[in-house]
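A short write-up of the structure that comes next.
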Amino acid sequence: MGGNALQAESVRLSASRYREVELHVVTTLQRCFPQRRIEAVIAYADKADFGDLDILVEAGQDYDAAQLAQALQATEVVFNGDVTSMGLAIAEGVFQVDLIRTASASFDFASRYFGLNDFGNLVGRIAHKFGAKFGHLGLLYPIRDPDNSSHLIAEVCITTDFGEALSLLGYDAALYETMRTNGQFRTLNDIFLYVVASPYVNREIYLLDNRNHKARIRDAKRATYNAFLTWLDTQDEVELPAYPWAEAGTVERNNQKNEFLDTTFAQFPDFRLAYHAALADYARKKQVKRQFNGGLAAEITGLFGKELGELMARVRNSFADETSFENFFIEASPETIKAKFLQEAATQP
């Protein structure tokens with residue numbers, strides 16, 4: 001996944017030697033774990049050398065990265081969420097192998113997202129401008145509180161089909177698959193030419209000065225991203241798309257996002273249903289919270305601290321299920337709600 005996560009310094013391997021190591025690692029893991037899909041992340045064909053090897057491993061309830069490391073006789077193992085970095089002893093020294101735990105449903109998407117260096121990251125800039133999220137789990141849409149944009153309600157999946165996602169973002173998905181299958185992404189130049197083929201591209205959206213602090217710090221360290229910025233500077237701007245992205249927070253920008261959302265709703269009806277269901281569920285929970293909260297309970301009963309917490313738990317647990325609990329606090333009158341709190345307070349030990 002880039003960077004040296006090991007205490008031992010990972011050696012760099014020539015392309016030919018890397019292919020040998022890649023074959024050994026993949027075949028070893030496939031032999032030891034035949035029930036899992038295991039696949040190396042592809043690189044552009046003419047990449048000269050490699051500092052690590054990224055392997056996608058299909059996740060499951062019995063996923064155990066330590067067993068994978070043992071199968072490879074790792075010299076060192078570093079666990080970091082879904083990524084496990086390990087040292088592989090080879091003739092040249094220690095080579096870093098990163099195992100990426102990957103959900104079955106998004107395995108094909110992840111394989112393409114992580115492939116070809118920063119391809120997924122660069123394509124994701126367009127998704128971000130539309131308010132979507134292009135990542136290893138698929139093309140997602142973060143839904144935020146209409147009254148508080150900093151509060152994330154849910155991330156709803158638009159699609160886990162990589163081709164569908166590319167098409168929605170203005171790319172030729174068939175061309176991508178042809179080039180990927182036939183090894184026609186030979187150089188970074190081939191990747192960059194494809195990335196700027198969407199009509200929604202504008203060089204300004206990639207400049208580090210126009211990114212938020214977190215993204216700017218992250219991408220400033222990425223060699224391929226910086227190579228892309230340099231590449232952009234060498235192009236004749238009239239040959240590159242220059243989609244007129246409006247300033248963030250303006251009516252025009254919101255209109256651009258809403259147009260994307262309407263198009264997405266039309267193409268992905270399941271996403272439309274999930275989107276509105278998430279908003280409805282959130283609105284329901286906000287309504288419940290207005291009638292069921294510590295401040296109101298304290299005002300009614302005079303309890304506070306530990307006793308108040310115990311009362312809130314007793315009230316919630318007095319209902320058969322979450323739906324019954326929510327229905328009560330949505331439908332009941334203020335007097336009925338007050339009586340409910342007082343009733344449970346009276347029976348509290």
Subject >> Aromatic plane relationship, Tyr275 with Tyr141 - under 30° parallel, 30 to 60° tilted, over 60° perpendicular >> reply: perpendicular
Original post:
Does Thr102 reach the main-chain N or O of Phe107 with its side chain, forming a donor-acceptor pair under 3.5 Å?
Top reply: no
**OP:** Give a yes or no on whether Glu247 atom CD has more than 12 heavy-atom contacts from other residues, nucleotides or ligands under 6.0 Å away.
**Re:** no
Original post:
Under 6.0 Å from the NE2 atom of His151, do we count more than 12 heavy atoms belonging to anything else shown?
Top reply: yes
Original post:
Would the Phe119 and Tyr176 ring centres measure less than 6.0 Å apart?
Top reply: yes
Original post:
Does Asp54 reach the main-chain N or O of Ile100 with its side chain, forming a donor-acceptor pair under 3.5 Å?
Top reply: no
**OP:** Verify the neighbour count for atom CD of Glu299: are there more than 12 heavy atoms of other residues, nucleotides or ligands below 6.0 Å?
**Re:** no
**OP:** Let me see the working for Ser324 and Asp321 under side chain to side chain donor-acceptor pair (under 3.5 Å), right down to the final yes or no.
**Re:** CA-CA 5 Å; Ser324 300; Asp321 51 45; 2.8 Å; yes
**OP:** Rounded to the nearest 0.5 Å, what's the gap from CG on Asp172 to CE on Met179? Could you check?
**Re:** 10.0 Å
Original post:
Do Arg316 and Phe325 meet the cation-pi criteria used here (NZ or CZ under 6.0 Å from the six-membered ring centre, within 45° of the axis)?
Top reply: yes
Subject >> Residues, nucleotides or ligands: over 12 heavy atoms within 6.0 Å of Gln7 CD >> reply: no
**OP:** Enter the distance from Leu175:CG to Arg180:CZ here, rounded to the nearest 0.5 Å.
**Re:** 13.5 Å
**OP:** Output the distance between atom CG (Asp161) and atom CG (Leu139), rounded to the nearest 0.5 Å.
**Re:** 10.5 Å
**OP:** Mind running salt bridge (charged side-chain N to carboxylate O under 4.0 Å, His left out) on Arg37 and Asp108 for me, showing each step along the way?
**Re:** CA-CA 10 Å; Arg37 185 176 172 187; Asp108 287 333; 2.5 Å; yes
Subject >> Between Tyr200 and Tyr171, ring centroids under 6.0 Å >> reply: no
Original post:
Side chain of Asn212, backbone of Ala215: donor and acceptor closer than 3.5 Å?
Top reply: yes
**OP:** Check whether the ring centres of Phe95 and Phe50 lie less than 6.0 Å apart, and answer yes or no.
**Re:** no
Subject >> Neighbour count above 12 (heavy atom, 6.0 Å) for Lys133 NZ >> reply: no
**OP:** Could you check Leu207 against Asn210 for side chain to side chain contact (heavy atoms under 4.5 Å, CB included), going step by step and ending with a plain yes or no?
**Re:** CA-CA 5 Å; Leu207 301 183; Asn210 296 332; 3.9 Å; yes
**OP:** Apply salt bridge (charged side-chain N to carboxylate O under 4.0 Å, His left out) to Arg272 and Asp262, showing your working.
**Re:** CA-CA 9 Å; Arg272 176 176 57 82; Asp262 289 341; over 6 Å; no
Original post:
Under the 3.5 angstrom rule, does the side chain of Thr250 hit a backbone N or O of Ala246 as a donor-acceptor pair?
Top reply: no
Original post:
Does the ring center of Phe114 lie less than 6.0 Å from the ring center of His136?
Top reply: yes
**OP:** Output the distance between atom CD (Glu310) and atom CG (Asn317), rounded to the nearest 0.5 Å.
**Re:** 12.0 Å
Subject >> Min side-chain heavy-atom separation Phe265-Phe260 under 4.5 Å >> reply: no
Subject >> Check: Gln184 main-chain N/O paired with Asn182 side-chain donor or acceptor under 3.5 Å >> reply: no
**OP:** Please examine the side chains of Leu193 and Trp231, heavy atoms only from C-beta on, and report whether any two atoms are closer than 4.5 Å.
**Re:** yes
Original post:
Is the backbone N or O of Leu23 less than 3.5 Å from a side-chain atom of Thr27, with the two atoms forming a donor-acceptor pair by type?
Top reply: yes
**OP:** Would you check, one step at a time, whether the test side chain to side chain contact (heavy atoms under 4.5 Å, CB included) holds for Gln30 with Arg36?
**Re:** CA-CA 7 Å; Gln30 288 175 339; Arg36 299 192 188 282; over 6 Å; no
**OP:** Kindly indicate whether the side chain of Arg290, heavy atoms from C-beta on, has any atom under 4.5 Å from the side chain of Leu296.
**Re:** no
Original post:
Roughly how far, to the nearest 0.5 Å, is the CG atom of Leu279 from the CZ atom of Arg284?
Top reply: 15.0 Å
Original post:
Is the number of heavy atoms from other residues, nucleotides or ligands under 6.0 Å of Phe319 CZ greater than 12?
Top reply: yes
**OP:** Please assess Arg101 against Tyr63 for the test side chain to side chain contact (heavy atoms under 4.5 Å, CB included), listing each intermediate value before the final yes or no.
**Re:** CA-CA 8 Å; Arg101 179 176 179 172; Tyr63 180 90; 3.6 Å; yes
Original post:
Does the salt bridge (charged side-chain N to carboxylate O under 4.0 Å, His left out) test come out yes or no for Asp145 and Lys286, once each step is laid out?
Top reply: CA-CA 10 Å; Asp145 186 334; Lys286 283 186 72 173; 3.6 Å; yes
**OP:** May I ask you to decide whether Arg19 forms a salt bridge with Glu22, counting only side-chain N to carboxylate O separations under 4.0 Å?
**Re:** yes
**OP:** Please state whether the rings of Trp245 and Phe130 are parallel, tilted or perpendicular, taking 30° and 60° as the class boundaries.
**Re:** perpendicular
Original post:
Quick one: does Leu240's side chain get under 4.5 Å of Leu232's, heavy atoms only?
Top reply: yes
**OP:** Look at atom CD of Glu9 and say whether more than 12 heavy atoms of other residues, nucleotides or ligands are closer to it than 6.0 Å.
**Re:** no
**OP:** Check the pair Phe162 / Tyr113 against ring pair (Phe, Tyr, Trp, His ring centres under 6.0 Å), numbers first and verdict last.
**Re:** CA-CA 8 Å; Phe162 200 77; Tyr113 175 80; 7.8 Å; no
Subject >> Side chains of Thr301 and Leu342 in contact at under 4.5 Å (non-hydrogen atoms) >> reply: yes
Original post:
Can Thr159 and Glu164 be said to form a side chain to side chain donor-acceptor pair (under 3.5 Å), step by step?
Top reply: CA-CA 7 Å; Thr159 181; Glu164 290 179 346; 2.6 Å; yes
Original post:
Checking side chain to side chain donor-acceptor pair (under 3.5 Å) for the pair Thr187/Asn189: CA distance, chi angles, key distance, verdict?
Top reply: CA-CA 5 Å; Thr187 66; Asn189 189 71; 4.9 Å; no
Original post:
Would you say Ser198's side chain and Leu169's backbone share a donor-acceptor pair under 3.5 angstrom?
Top reply: yes
Original post:
Does the gap between the ring centers of Phe271 and His276 come in under 6.0 Å?
Top reply: no
**OP:** Any chance you could lay out the salt bridge (charged side-chain N to carboxylate O under 4.0 Å, His left out) test for Arg203 and Asp233, step after step, and finish with the verdict?
**Re:** CA-CA 9 Å; Arg203 69 185 299 275; Asp233 288 338; 2.6 Å; yes
Subject >> NZ/NE/NH1/NH2 to OD/OE distance under 4.0 Å, Glu92 and Arg17 >> reply: yes
Original post:
Hey, what do you get for CD1 (Ile153) to CZ (Arg144), rounding to the nearest 0.5 Å?
Top reply: 9.5 Å
**OP:** Apply side chain to side chain donor-acceptor pair (under 3.5 Å) to the pair Ser85 and Asp98, showing each step before the final yes or no.
**Re:** CA-CA 4 Å; Ser85 300; Asp98 290 335; 2.6 Å; yes
**OP:** For Leu56 and Ile38, run side chain to side chain contact (heavy atoms under 4.5 Å, CB included): C-alpha distance rounded to whole Å, both residues' side-chain angles, the deciding distance at 0.1 Å, then the answer.
**Re:** CA-CA 6 Å; Leu56 302 184; Ile38 295 171; over 6 Å; no
Subject >> Parallel, tilted or perpendicular, as decided by the 30° and 60° cut-offs, for the rings of Tyr194 and Phe185 >> reply: perpendicular
Original post:
For the residue pair Phe228 and Tyr225, does the interplanar ring angle fall in the parallel (under 30°), tilted (30 to 60°) or perpendicular (over 60°) class?
Top reply: perpendicular
